[in-house]
A.B. asks: 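This structure is in structure tokens; I'll ask about it shortly.
Counting starts at 1 for both ligands and their atoms, following the listed order.
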Amino acid sequence: MTELLGKDLLGIEDLNREAIVSILDTAVSFKDVSAREIKKVPTLRGKTVINLFYEPSTRTRTSFEIAAKRMSADAINISVAASSVKKGETLKDTALNLEAMNPDCIVVRHASSGAPHMLAEYMECSVINGGDGFHEHPSQALLDILTVSEKLGGVDKIKGVNVLIVGDVAHSRVARSNILGFTKLGAKVTVSGPPTMIPVGIEELGCKVEYNMAKAIKDADVVMMLRIQLERQGTALFPTAREYAKLFGLDALKLKSAKDDVIILHPGPINRGVEIAPDVADGPWSLILNQVTNGVAVRMALFYMLLGGARE
Ligand code: CP
């Protein structure tokens with residue numbers, strides 16, 4: 001099983017269909033652990049996982065930590081604000097010093113695309129990409145795919161499904177990983193958003209572009225709304241939040257023209273009233289919290305497959 005993944009998980013671009021299906025199957029087998037009263041298995045006892053997050057995170061960091069603990073691994077969180085990074089230590093030096101303490105895996109989130117790839121070259125332990133710049137967020141895409149697969153009744157049902165991804169595609173590592181992941185499973189992916197948020201050449205990843213969201217939503221089986229990344233450069237890319245919400249926000253009016261059994265996803269955190277209306281985020285079509293629940297199972301599966309639990 002480990003051969004399907006190699007030493008690290010850096011991006012969906014490195015995975016073939018077989019590897020994605022294997023991760024999803026393993027995640028399904030771990031879901032039961034989180035539903036038990038005693039939410040722990042001894043599988044990774046004695047292993048050490050370090051969460052090294054250079055950007056804020058609620059879901060990903062907590063989910064990796066919970067996943068490690070449910071597998072009985074020791075999980076350590078490095079708060080960059082309280083680390084020697086603040087004294088000028090480079091990413092490489094930080095990584096080499098952490099490696100000198102013999103961890104088995106480092107989960108890294110970084111604002112620079114490619115940072116986890118650089119670490120993976122220097123480090124002997126496994127490196128998992130917890131989100132790098134605008135590049136990839138592979139564990140997010142895997143949990144999104146698992147959520148859709150569960151709802152449809154199996155990963156094979158994803159073939160031919162229309163997935164619509166709406167919003168700031170240009171700055172979204174979630175969009176990139178999901179386009180790659182869903183297309184590898186045979187889904188048809190369309191992206192929509194203002195032209196300023198759709199990068200030139202995005203079709204090369206295997207998706208289509210439809211700038212008119214109201215039109216695109218009619219055929220969608222899955223609608224994934226992206227967060228407007230105000231902390232990056234969202235404000236410069238559209239005139240007002242109100243106008244953005246009108247044209248590209250998912251509200252009850254736009255939902256009326258969607259299929260009756262449409263699936264709504266959002267990686268979180270959500271900007272209520274901007275990219276998604278509160279009644280839609282909390283409504284019956286929304287699987288946003290299922291995504292979060294599935295995140296723990298997916299990350300347990302990744303630890304299991306990368307850290308040797310599969311071999312044992
Ligand atoms: N979806 C996601 O990456 O959320 P966080 O930024 O809270 O980890």
A.B. asks: Identify whether the distance between the nearest side-chain nitrogen and carboxylate oxygen of Glu13 and Arg173 falls below 4.0 Å.
C.D. replies: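 So Glu13 does not pair with Arg173 through a salt bridge.
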A.B. asks: May I ask you to check whether over 12 heavy atoms, not counting those of Lys259, lie within 6.0 Å of atom NZ?
C.D. replies: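 Atom NZ in Lys259 is crowded, with more than 12 foreign heavy atoms closer than 6.0 Å.
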A.B. asks: Looking at Glu65 and Ala75, what are the two nearest heavy atoms and their distance?
C.D. replies: CG-CB, 4.1 Å
A.B. asks: Which protein heavy atom lies closest to atom 4 (O) of ligand 1, and at what distance to 0.1 Å?
C.D. replies: Arg59 NE, 3.0 Å
A.B. asks: When you look for heavy atoms under 4.0 Å from ligand 1, do you find them on the side chain of Glu55, its backbone, both, or neither?
C.D. replies: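 Neither; nothing of Glu55 gets under 4.0 Å from ligand 1.
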A.B. asks: Among all protein heavy atoms, pick the one closest to atom 7 (O) of ligand 1 and tell me residue, atom and distance.
C.D. replies: Thr58 N, 2.8 Å
A.B. asks: Please write down residue, atom name and distance for the protein heavy atom closest to atom 2 (C) of ligand 1.
C.D. replies: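 So the nearest neighbour among protein heavy atoms is Thr60 OG1, 3.5 Å.
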A.B. asks: Which ligand 1 atoms, with their elements, are less than 4.0 angstrom from a heavy-atom of Gln140?
C.D. replies: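 Ligand 1 atoms under the 4.0 Å threshold to Gln140: 1 (N), 2 (C).
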A.B. asks: For Pro269 and ligand 1, does the shortest N/O to N/O distance drop below 3.5 Å?
C.D. replies: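 No, there is no polar N/O contact under 3.5 Å.
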A.B. asks: Give the intermediate values and the outcome of salt bridge (charged side-chain N to carboxylate O under 4.0 Å, His left out) for residues Lys7 and Asp14.
C.D. replies: CA-CA 12 Å; Lys7 177 174 88 68; Asp14 304 323; over 6 Å; no
A.B. asks: What residue and atom, counting heavy atoms only, is the protein's closest point to atom 6 (O) of ligand 1, and at what distance?
C.D. replies: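 I find the closest protein heavy atom is Arg109 NH1, 2.9 Å.
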A.B. asks: Take a 6.0 Å sphere around NZ of Lys92 and say whether it holds more than 12 heavy atoms from other residues, nucleotides or ligands.
C.D. replies: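 Not buried by this count: 12 neighbours or fewer within 6.0 Å.
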A.B. asks: Which of parallel (below 30°), tilted (30 to 60°) and perpendicular (above 60°) describes His135 and His117?
C.D. replies: tilted
A.B. asks: Which of the numbered atoms in ligand 1 are below 4.0 angstrom from a heavy atom of Gly268?
C.D. replies: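 In order of numbering, the contacting atoms are 1 (N), 2 (C), 4 (O).
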